[in-house]
**Student:** 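First the structure, then my questions, so here it is.
Side-chain atoms are counted along with the backbone in the values below, which use heavy atoms only and exclude waters and symmetry mates.
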Amino acid sequence: MQVRIVYESMFGNTAEVAEAIAQGFDGRAEVQVMGVVAASELPDLPVDLLIVGGPTHAFGLSRARTRLDAAGQTDEPVETEIGIREWLQDASPAPEGARAAAFGTKVGKPPWLPGSAARGIGKRLKALGYQLTDDPQDFFVAGTPGPVVDGEIDRARAWGEHLAATEMQAAEAARRPEVEG
């Protein structure tokens, strides 16, 4: 099974979650984990499962302006020209039967804080023709620059395990010949 995880990360938190999701596949798939800039430079190659994630900015997916604001909060170099929003906007329609999953990072407190990059990514993936394998998932960070909240990396790894099991079951079902009744 070929899995590609594409993420956008300003402070390293979403990248850390993406790596944990990849660990959840634990050898059951060939997994590529890459930032959105690297993904934007690749040709559209089909994979069995595309997993896309990004940080929640201003209650949704980042924009050029919110990325500039984030860049001002760190000494690390931050990509401000392209994010998941732009990458998905420029993406080709999904091949028939293509499967995907969406995740995001967001501030966990206060718990009522609205908005989710994961939901926005999920909507855009569906609009491109992908079938979502699970509900979009949010993983929580403690404040804008993070770090990832205790327990969330384990939860991301467990979600990766769940996605791997789901995809293996789907592949097995596709290989079984239909039984006529």
Side-chain angles (χ1 to χ4, degrees), residues 2-22 31-74 76-96 98-108 112-149 152 156 159-160 163:
Q2 299 284 324
V3 176
R4 180 173 296 147
I5 302 174
V6 178
Y7 66 88
E8 173 186 346
S9 190
M10 302 283 111
F11 303 106
N13 300 307
T14 310
E16 189 177 354
V17 169
E19 289 292 341
I21 293 166
V31 181
Q32 292 180 307
V33 181
M34 64 184 65
V36 68
V37 173
S40 71
E41 296 169 356
L42 286 179
D44 286 339
L45 299 173
V47 293
D48 298 304
L49 179 64
L50 175 64
I51 304 171
V52 182
T56 301
H57 283 202
F59 310 115
L61 288 169
S62 73
R63 298 178 185 278
R65 180 74 222 149
T66 64
R67 289 190 295 272
L68 282 171
D69 290 344
Q73 297 179 45
T74 181
E76 298 297 318
V78 174
E79 174 58 46
T80 59
E81 294 301 314
I82 185 168
I84 292 296
R85 177 187 296 270
E86 294 82 6
W87 182 68
L88 289 172
Q89 185 175 316
D90 293 340
S92 301
E96 189 168 331
R99 297 171 62 79
F103 74 97
T105 53
K106 66 182 277 185
V107 174
W112 50 262
L113 196 63
S116 168
R119 286 195 306 269
I121 292 166
K123 287 177 186 175
R124 284 167 173 75
L125 288 168
K126 288 198 293 192
L128 286 169
Y130 286 94
Q131 176 187 350
L132 294 185
T133 63
D134 197 9
D135 292 333
Q137 297 293 308
D138 284 309
F139 298 93
F140 299 105
V141 297
T144 300
V148 177
V149 171
E152 291 297 273
W159 190 58
L163 293 175

**Student:** Can you name the nearest heavy-atom pair linking A22 to V31, along with the distance?
**Tutor:** CB-CG1, 3.7 Å
**Student:** Where is the tightest heavy-atom contact between A100 and L125, given as atom of each residue plus distance?
**Tutor:** CB-CD1, 3.9 Å
**Student:** Can you tell if the side chain of V148 reaches within under 4.5 Å of the side chain of F139, non-hydrogen atoms only?
**Tutor:**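 When only atoms from C-beta onward are counted, F139 and V148 do not touch, as no gap falls below 4.5 Å.
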**Student:** Looking at side-chain heavy atoms only, is the closest gap between L132 and K126 below 4.5 Å?
**Tutor:** yes
**Student:** Is the shortest side-chain heavy-atom distance between R124 and R85 below 4.5 Å?
**Tutor:**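 Yes, at least one pair of side-chain atoms sits under 4.5 Å.
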**Student:** With a 4.5 Å limit on heavy-atom distance, are the side chains of T56 and V107 in contact?
**Tutor:**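 Not touching, per the 4.5 Å side-chain cut-off.
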**Student:** Any idea which heavy atoms bring A118 and P136 closest together, and the distance?
**Tutor:** O-CB, 3.4 Å
**Student:** Would you say that F11 contacts V141 through its side chain, given a criterion of any heavy-atom pair below 4.5 Å between the two side chains?
**Tutor:**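 Result no, sub-4.5 Å side-chain heavy-atom pair not found.
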**Student:** To the nearest 0.5 Å, how far apart are CH2 in W159 and CD1 in I21?
**Tutor:** 5.0 Å
**Student:** Name all residues meeting the side chain to side chain donor-acceptor pair (under 3.5 Å) criterion together with D69; count only those two or more places apart in sequence or in a different chain, and write none if there are none.
**Tutor:** R65
**Student:** Tell me, please, which residues at least two apart from Q131 pass side-chain contact (heavy atoms from CB on, under 4.5 Å).
**Tutor:** R99
**Student:** Return the CG to CD1 distance between L50 and I121, rounded to the nearest 0.5 Å.
**Tutor:** 10.0 Å
**Student:** Got a donor-acceptor contact below 3.5 angstrom from the E86 side chain to the G83 backbone?
**Tutor:** yes
**Student:** Heavy atoms, side chains only, cut-off 4.5 Å: are F103 and T14 in contact?
**Tutor:**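 Sidechains of T14 and F103: in contact.
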**Student:** Would you check if the side chain of N13 reaches a backbone N or O of P147 as a donor-acceptor pair within less than 3.5 Å?
**Tutor:**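 Here the side-chain-to-backbone pair does not exist.
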**Student:** Are the side chains of V3 and L163 in contact, using a 4.5 Å heavy-atom criterion?
**Tutor:** no
**Student:** Identify the heavy atoms of E8 and I84 that sit nearest to each other, and give their distance.
**Tutor:** OE1-N, 2.8 Å
**Student:** Scan side-chain atoms only and decide if D138 and S116 contain a donor-acceptor pair under the 3.5 Å cut-off.
**Tutor:** yes
**Student:** If every non-hydrogen atom of V17 is compared with every non-hydrogen atom of A156, which pair is closest and at what distance?
**Tutor:**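 That would be CG1-CB, 3.8 Å.
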**Student:** Look only at the side chain of T105 and the backbone of F140, and say whether a donor-acceptor pair between them is shorter than 3.5 Å.
**Tutor:** no
**Student:** To the closest 0.5 Å, what do you measure between CD1 (I51) and CD (Q32)?
**Tutor:**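 Separation between the atoms: 12.0 Å.
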**Student:** Give the minimum heavy-atom separation between A94 and G129, together with the two atoms involved.
**Tutor:** CB-C, 3.8 Å
**Student:** Measuring only between side-chain heavy atoms, which start at C-beta, is M10 closer than 4.5 Å to R67?
**Tutor:** yes
**Student:** Find the distance between CD (E16) and CD (E152) and round it off to the nearest 0.5 Å.
**Tutor:**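 If we round to the nearest 0.5 Å, E16:CD and E152:CD are 11.0 Å apart.
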